[in-house]
Amino acid sequence: MNNRRLLVTSALPYANGHIHIGHLVEYIQTDIWVRFQKLAGQRCVYICADDTHGTAIMIRARQEGISEEELIAKMQQAHVADFAGFDIEFDHYGSTHSEETREVCIEIWSALRKAGLVEEREVVQLYDTQAGTFLADRFVKGTCPNPACHSPNQYGDSCDKCGLHYNPTDLIDPVSTLSGSKPEIRKADHLFVNIEKLHGFLEEWTQGGGHLQPEVANYLKGHFLCEPLHDWDVSRPAPYFGFEIPDSPGNYWYVWFDAPIGYIGSTKQWCQRYGEDFHRWWRSAETEIHHFIGKDITYFHTLFWPAMLKTGNFSLPKKVHIHGFLTVNGEKMSKSKGTFIRAATYLEHLDPSYLRYYYASKLSSGVDDIDLNFDDFINKVNSDLVGKVVNIASRTARFLERSGLSVMYPEDGGLFEEAVRDGKAIAEAYDSGDFSRAMRIIMAAADRANRYIEEHRPWEMAKQREGEASAARQVQDVCTVGLNLFRQIAIYLAPVLPRLARLTSELLDDPILRWDQAQRPLVGSRVRKFQHMMQRVDPKRVEAMVTASAEPVDFDSTPETTAATDDDAAVRAEPIAGTINFEDFAKVDLRVARVLAAEDVAGAQKLLKLTLSLGGENQRTVFAGIKGVYQPHDLVGRLVICVANLAPRKMKFGLSEGMIVAAGGPGSECYLLSPDLGAKPGQRVH
RNA sequence: GGGCCCGUAGCUCAGCGGUUAGAGCAGGGGACUCAUAAUCCCUUGGUCGCAGGUUCGAAUCCUGCCGGGCCUACCA
């Protein structure tokens, strides 16, 4: 396993949005893996870049009134800053909008042509004459073509009301979301890659060689490779922000064609910068290529990408590491709930080490989703990192400020050796991507260290009369053991917590640079004055971060949303009730009703007597506690909502056969609900 | 509609065919006071989503169902 050459990539973030905590799962995961490999002595290069092309970028630049180049430059700057804030250390961070990427695109394209894999076909699409562009499905809205549905305001691919799938050209009254104008149907020639011709190769590559996690290989086999592969549409007609296809003027490569090529383009830039031989990295069996991606882009990285590399005569990935998605508190990230947290927002409130450790403690080599649960997050970080790990240094280093570490490593009951043996298992876990296993082993070592200190009670010996050399030496020995156990742990955690490794290096005046430093105890060296290495997580800061994230500060919000300025007084006064299922809800029969008559009830302080019509002969007498808020003559004729199947209740003034619904707290304001225009008495509310 | 993944103690997860199912955190009791109310010892707590099947033996394999997450859509 020694002396490997590794070229590692994370998926290229799209230049249309900011980095958020969901993205960070992948970059932190990759960074930990890379740092581990480097620490272990491998030659390892971490390459990434911004993904900059496509319609979305073009549109966004127009909206902001700047050029695409300005937009992507601005975004790249923001991305780089976010990554740096989380200690994600790329060897090179480039852009797909580069000459190097263009060169490689041309190279692979020529190879595809030469291999006879490119075909031209006509595609019918909607075209926005005002914006001067073809419209992707999501840029068209109209009425659902299903005669039984006809829901308005549906996207160009399917109806979210009836579920029908159709072509954007089938929409009734289609409207471009870009200009609001009515698009026209136009034809254009597109270029397709016939990857079915590489079916045999893809079958072999995906199913063997350990290039993919077993569940991924299985998934591809069952769903793509069991039948002919579809041609891949890789061109888009002008206008389009991207690279124009040299032998097909007016057509551009689709963003997903050049995005992965950005891995190679960015490596090329790195090679030029450091005088490396490009061919040794991308066209040589001596280099292992490792891609880290999310499961949503499996398809591109495990079928198209290997097909392109193979045809272009580049090295194929040794492994594509696929991770799941992030949920927050068990749910998909939500802008309104404040769980859609941008990297920059996180950094304003919390230490990046917390998130790095938390993700590490949850990541396995599988494709499972991981959940960020804030209570768990606070507990885990405080208890594992501050209570256990940092605590070891905190309770021993102070005793060694004067004496330094013992000159000979003392007898420790085999603890140091035990942790040396752990190092092997931890290294294997890191290498295989099973970080949560590594964290578990490390925390067990931390528990042993704390127990050791507890049992040997250095503080008692320290209290003994001054001048007792033997007692002083005992304190020194016990703390030398404790601090060495801590140092091992800091080395093992260095891929996850580079900051802690740096602080440990400073404390012991001995830089942590290599994994195998954990195999030999440090002796005789001085110990600097101890300072806190990590603060506990303050739950208030987490809360503040969520609150800050709930504000609609991002550029991505859809135009339909309104900035919410309402306060939460009502919800605080009366908290949301426990969850019910649909059946519970369905038991309540709410109906539209018209007020036929309304009268004061003699002797009653709050009640009005209402006669309601549910249409036809259906009439109800209802006593409602709204006297003083509504005048009887204002109610007659209006529509209200009533609970139609509520058990009748005998009241002092007569039988009430239902209830009308109103908003507002008890005894305070009261607002009757009424249906929108067009509702008829007797209609049920669903 | 199709698919992938998950469902084990209050919470987060490990175990993935073989002794009485484990850990951390939280809860309860005690000890200690060097340490960022940290640490140490003891302890409560589980029909391993449900129902069938395979097996000498199933949390672990198979089938179906239920619940959750996610992806995708004339492409699966």
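A, B, ... follow the sequence lines: proteins, then strands. Residue 1 opens every chain.
Residues satisfying the salt bridge (Lys or Arg N to Asp or Glu O under 4.0 Å) test with A:E460, not counting sequence neighbours, are A:R457. In this view, A:S10 and A:T30, A:Y46 satisfy the side chain to side chain donor-acceptor pair (under 3.5 Å) rule, not counting sequence neighbours. For A:Y240, there are no ring pair (Phe, Tyr, Trp, His ring centres under 6.0 Å) partners at least two apart in sequence or on another chain. By the side chain to side chain contact (heavy atoms under 4.5 Å, CB included) test, A:T327 pairs with A:D371, sequence neighbours left out. A:E119 pairs by the side chain to side chain donor-acceptor pair (under 3.5 Å) definition with A:N194, not counting sequence neighbours. Judged as a side chain to side chain donor-acceptor pair (under 3.5 Å), and not counting sequence neighbours, A:W256 has no contacts. Scored by the ring pair (Phe, Tyr, Trp, His ring centres under 6.0 Å) test, A:F486 finds no partners at all (sequence neighbours excluded). Applying the salt bridge (Lys or Arg N to Asp or Glu O under 4.0 Å) criterion to A:D509, with sequence neighbours excluded, gives A:R526, A:R528. Taking the side chain to side chain donor-acceptor pair (under 3.5 Å) definition, one finds that A:N450 meets it with A:R395, sequence neighbours left out.
A distance of about 28 Å separates the P atoms of B:G28 and B:A14, rounded to the whole Å. On the C1' atoms, B:G18 is 7 Å away from B:G57, given to the nearest whole Å. When the C1' atom is used for both B:C16 and B:C40, the distance is 34 Å, rounded to whole Å.
Of the residues in residues 452-460 of chain A, A:E454, A:R457, A:W459 come within less than 4.0 Å of RNA chain B through at least one heavy atom, sorted by number.
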Expected rows: protein N/O vs nucleotides 11-15 of chain B N/O, under 3.5 Å:
residue: B:U12; atom: O3'; partner: A:K362; partner atom: NZ; Å: 2.5
residue: B:U12; atom: O2'; partner: A:K362; partner atom: NZ; Å: 3.0
residue: B:U12; atom: O2'; partner: A:D376; partner atom: OD2; Å: 3.4
residue: B:C13; atom: OP1; partner: A:K362; partner atom: NZ; Å: 3.2
residue: B:A14; atom: O2'; partner: A:R440; partner atom: NH1; Å: 3.3

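Looking at A:R502 and A:D87, no side-chain N of the basic residue comes within less than 4.0 Å of a carboxylate O on the acidic one, giving no salt bridge.
With a 3.5 Å limit on both pairing distances and Watson-Crick or G-U wobble geometry required, the stems of 3 or more pairs in RNA chain B span B:1-7 with B:66-72, B:10-13 with B:22-25, B:27-31 with B:39-43, B:49-53 with B:61-65.
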